[in-house]
Amino acid sequence: MAASAAFPQSLAYITASVAGLAVFLFLSSLLLVSNPLSSTVQEYFYKVDTLKVILPAVIPKNQTDTYSNVDAGDNKSLPSGSDFELKPTSLSGINGSVSEAGCDLFKGTWFYDPLGPMYTNNSCPVITRMQNCQGNGRPDREYESYRWKPSQCDLPRFDAKKFLELMRGKTIAFIGDSVARNQMESLLCLLWQVEVPRNQGNRRMHRYYFRSTSTKIVRMWSSWLVHQTPEAIDFAPEGVTKVHLDTPDENFMEFVPTFDVVVLSSGHWFAKQSVYVLNNEIVGGRLWWPDKSREAKINNIEAFGASVENIVASIVTHPNFTGLAILRSYSPSHYEGGAWDTGGSCTGKTRPLEPEQMVKNDNIDKMHEKQITGFLRGIQKKSNKSKFVMMDITGVFSYRHDGHPGPFRSLDPNKRTHFGPDGKPPPQDCLHWCMPGPVDTWNEFVLEIIRREYEGKKSSSS
């Protein structure tokens, strides 16, 4: 009797428990809908909020604060509580993320690939002499064989045939300084292994045509990406370069609508002597400021950020540009013990840095931060149908002090390649990249971005 009496009580208890659980789940679901991202999940996104730029990080253990919580300063165009969410392919999520399944292309490690490079200095005739490290006598070549492996996905080896097929009937343009030339020549070398292009260029526009797919590879020189002039302005005399930070470089902007993919890069010329102009007013200068009674309003790093904002805004508001734009982030140099002109050196570096060997470089960090801030401010002005992503290679390439020509930048048989008895290094280049070498990875990133963009469009239209 006792046992039979207990059964209905147990059943009633179970029924009540199930009902309570159902109510709990229902209320929880309502809460999740009204606030879909908990603080834990929100940390998975890189978000712009209250004028703080949370940057993606490819950083070593002893640099945990190098690329995080960068103050965007007096950025009035970034409203508090902005709803831009930057997903883990760096900053590309602002305008249609290139991420797939949460994969951050720029967070990972370098590994040695025994397959080696896709070409050699003997199989590509367009390598600039200063980047032809093997041709200039560099004795080691392990640096050629390291490849980048994202933590959450694969970055395939460059597939020249796939690139040409994706770019069938299209034009890709590299616009920038000599480092942009470095990347364009790398792409040409990679493609040269499957097809020899026809040179159709001139002094103003270097252009190579691949007949099999009617693909064009273009390079245009632009030191700052913005307008420059030697003419006198106010108290700045004729001769010294005036950099108009709020005016895009008209030499390439007129051609932008004819390009399907534009890869932009800049930054290193902001270390050179120049005068900075905004609204036709001199606001600062680099290695030039004769009137000490006047206060400069911006320095060269702030000027770089302003120029990036301007060029990004000019691209995303151009009424006739509907293509894909890629901003390649600041390329790190590796001059140790000084600058390029004060005894800095990368001599004897043969392997990538390990995380614990990384050394914080304030100038590179600040240039990177201002570039990202400028990108974020410029992209908010978007009014056309283009897509703009940021290829954030700065942290990735901070490890590659081994990838520069160093002293092997010429054929001179009498060049010094070792430190002298006085400890001084030989003249060298620790800014540009050997070919073949790490710079080829930039074009693996470009191919992956293009693949995700164009294959995604095909799948959505089918």
Side-chain angles (χ1 to χ4, degrees), residues 55-59 66-67 90-91 105-106 110 127-128 130-131 133 143 146-148 174-187 189 219-225 262-272 300-301 303-305 307-308 311-312 325-336 339-340 344-346 349 352-353 358-375 389-406 409 428-446 449:
L55 305 183
V58 182
I59 53 177
T66 303
Y67 302 113
S90 182
L91 298 164
L105 288 176
F106 311 110
W110 290 96
I127 301 176
T128 295
M130 290 185 68
Q131 279 86 69
C133 300
Y143 67 91
Y146 281 91
R147 294 191 59 244
W148 180 253
F174 293 86
I175 301 171
D177 56 20
S178 57
V179 184
R181 180 190 65 208
N182 205 170
Q183 182 177 3
M184 182 262 203
E185 291 179 352
S186 163
L187 179 60
C189 286
R219 178 177 69 84
M220 298 191 72
W221 179 272
S222 182
S223 306
W224 283 278
L225 297 182
V262 180
V263 182
L264 298 156
S265 56
S266 63
H268 293 286
W269 277 68
F270 281 87
K272 296 180 178 291
N300 66 310
I301 296 175
F304 174 51
S307 73
V308 172
I311 195 60
V312 171
I326 301 170
L327 179 66
R328 196 244 314 132
S329 71
Y330 189 74
S331 178
S333 60
H334 290 90
Y335 290 98
E336 295 183 6
W340 67 274
S345 168
C346 55
K349 310 302 182 184
L353 285 162
M358 294 282 283
V359 177
K360 182 179 175 67
N361 186 308
D362 287 336
N363 183 70
I364 292 175
D365 291 347
K366 290 175 182 177
M367 291 290 282
H368 184 215
E369 292 161 8
K370 287 298 181 184
Q371 186 180 34
I372 290 178
T373 302
F375 175 80
V389 300
M390 187 165 187
M391 192 174 88
D392 194 4
I393 59 88
T394 307
V396 178
F397 275 73
S398 294
Y399 295 96
R400 295 311 305 271
H401 66 164
D402 58 320
H404 303 289
R409 56 184 190 156
Q428 55 198 284
D429 179 359
C430 304
L431 169 61
H432 299 91
W433 302 93
C434 291
M435 292 175 54
V439 68
D440 300 320
T441 303
W442 292 359
N443 291 312
E444 291 181 335
F445 285 140
V446 167
I449 291 170

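Treat the numbers as computed from the prediction; the structure is a model and nothing was measured. Heads up: numbering here begins at 1 and tracks the sequence.
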Applying side-chain hydrogen bond (donor to acceptor under 3.5 Å, both in side chains) to His401 and not counting sequence neighbours gives none
Value for CE (Met435) from CD1 (Ile127), rounded to nearest 0.5 Å, stands at 4.5 Å
Between the CD1 atom in Ile326 and the OG atom in Ser265, the distance rounded to the nearest 0.5 Å is 11.0 Å
Correct closest heavy-atom pair for Trp221 and Asp177 would be CZ3-C, 3.5 Å
Are Met390 and Ile372 side-chain neighbours, meaning at least one heavy-atom pair lies under 4.5 Å? yes
Determine whether a donor-acceptor pair (N or O, by modelled atom type, separation under 3.5 Å) exists between the side chain of Gln371 and the backbone of Tyr330. yes
So CZ of Arg409 and CG of Leu431: to nearest 0.5 Å the spacing works out to 12.0 Å
Here the pair of heavy atoms bringing Ser223 nearest to Trp269 is CB-CD2, 3.5 Å
- Side-chain donor-acceptor pair present, His368, Asp392, cut-off under 3.5 Å: yes
**Report entry** Donor-acceptor contact present, side-chain Thr373 to main-chain Glu369, <3.5 Å
**Finding:** yes
The single option from Tyr146, Tyr143, Trp148 that satisfies ring pair (Phe, Tyr, Trp, His ring centres under 6.0 Å) with Trp110 is Trp148
(Q) Main chain of Gly176, side chain of Ser266: is a donor-acceptor contact present, judged purely on distance under 3.5 Å? (A) no
Taken to the nearest 0.5 Å, the spacing of Ile393 CD1 from Leu105 CG works out to 13.5 Å
A side-chain contact here means heavy atoms from C-beta on lying under 4.5 Å apart; do Arg147 and Asp440 qualify? no
What one should report as the nearest heavy-atom pair of Val439 and Cys434 is CG1-O, 3.8 Å
Taken in chain and number order and not counting sequence neighbours, the residues that satisfy ring-ring contact (aromatic ring centres under 6.0 Å, His included) with Phe304 are Phe270
* Asked: Taking atom types as modelled, is there a side-chain donor on Thr128 or Glu185 under 3.5 Å from an acceptor on the other?
  -> yes
When every non-hydrogen atom of Lys360 is compared with those of Asp362, the smallest separation belongs to CE-OD1, 3.1 Å
Exercise. Does any non-hydrogen side-chain atom of His268 lie less than 4.5 Å from one of His432?
Worked result: no
- Message: Looking at Thr394, is its backbone amide N or carbonyl O close enough to the side chain of Ser329 to form a donor-acceptor pair, meaning the two atoms are under 3.5 Å apart?
- Response: yes
CG (Leu225) and OG (Ser307) are apart, to the nearest 0.5 Å, by 6.5 Å
Of all heavy-atom pairs linking Leu353 and Ser398, the shortest is CD1-O, 3.7 Å
query: Checking Arg328 against Trp442: charged group under 6.0 Å from the ring centre and within 45 degrees of the axis?
result: yes
*asked:* side chain to side chain contact (heavy atoms under 4.5 Å, CB included), that's the test. Do His404 and His334 meet it? Break it down for me.
replied: CA-CA 8 Å; His404 303 289; His334 290 90; 2.8 Å; yes
Considering only heavy atoms from C-beta outward, does the side chain of Leu327 approach that of Val308 to under 4.5 Å? yes
Between Met130 and Pro405 the two heavy atoms that sit nearest each other are O-CG, 3.4 Å
Taken to the nearest 0.5 Å, the spacing of Tyr335 OH from Cys346 SG works out to 7.0 Å
Requested in this report: Applying side chain to side chain contact (heavy atoms under 4.5 Å, CB included), run through Leu187 and Val446 and close with a yes or a no.
Outcome: CA-CA 10 Å; Leu187 179 60; Val446 167; over 6 Å; no
_Assess, by modelled atom type and distance only, whether the side chains of Trp433 and Ser331 contain a donor and an acceptor separated by less than 3.5 Å._
yes
(Q) Could you check whether any side-chain N or O of Asn443 sits under 3.5 Å from a backbone N or O of Gln183, counting only pairs where one atom can act as donor and the other as acceptor? (A) yes
